[in-house]
Amino acid sequence: MPRPPVNLPPRYLRTPEAARFLGLSGRTLEKHRYFGSGPAYRRIGGRVVYSVDDLRDWADLGTKYSTSDPGQDDLMPRRDAAIAQSRR
């Protein structure tokens, strides 16, 4: 997918739009935000918004070329997250 021309302002998506862009549920994106494992986001006027470029960059972190690629870069909650520790 080609990137938009440089002279356009950045496009920001709210959580439901960003989730649809990534093919996730809004709740999953909220959980990633809570755990600190999701894409970068901003708060503008009390609303959470995501840059399209940040969403693409985050999704690219999960790029694999083989099922035998190491799983350490999977897009999952960090092991040191508070809830992950409480479930051990």
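When a residue number appears, it is its place in the shown sequence, counting from 1. Keep in mind that what you see is a predicted model, and the values were worked out from it rather than measured.
Clustering ILVMFWY residues whenever any of their side-chain heavy atoms sit less than 4.5 angstrom apart, transitively, puts Y12 in a cluster other than the one holding V52. Taking hydrophobic clusters as Ile, Leu, Val, Met, Phe, Trp and Tyr residues chained together by side-chain heavy-atom distances below 4.5 Å, L13 does not share a cluster with V49.
In this structure, CG in L22 is found 9.0 Å from NE2 in H32, a value given to the nearest 0.5 Å. Taking OG of S37 as the start and CH2 of W58 as the end, the distance is 7.0 Å to the nearest 0.5 Å.
Residues R14 and V48 fail the side-chain proximity criterion, which asks for heavy atoms closer than 4.5 Å. Between E30 and F35 there is no side-chain heavy-atom pair separated by less than 4.5 Å. Residues P39 and L29 form a side-chain contact, since some pair of their non-hydrogen atoms from C-beta on lies under 4.5 Å apart.
Residues that satisfy the salt bridge (Lys or Arg N to Asp or Glu O under 4.0 Å) test with R11, not counting sequence neighbours, are E17.
Applying the side chain to side chain donor-acceptor pair (under 3.5 Å) test to every pair with at least one member in residues 39-48, sequence neighbours left out, gives these pairs: R42-D54.
What you find for A18 and L55 is that their closest heavy atoms are CB-CD1, 3.8 Å.
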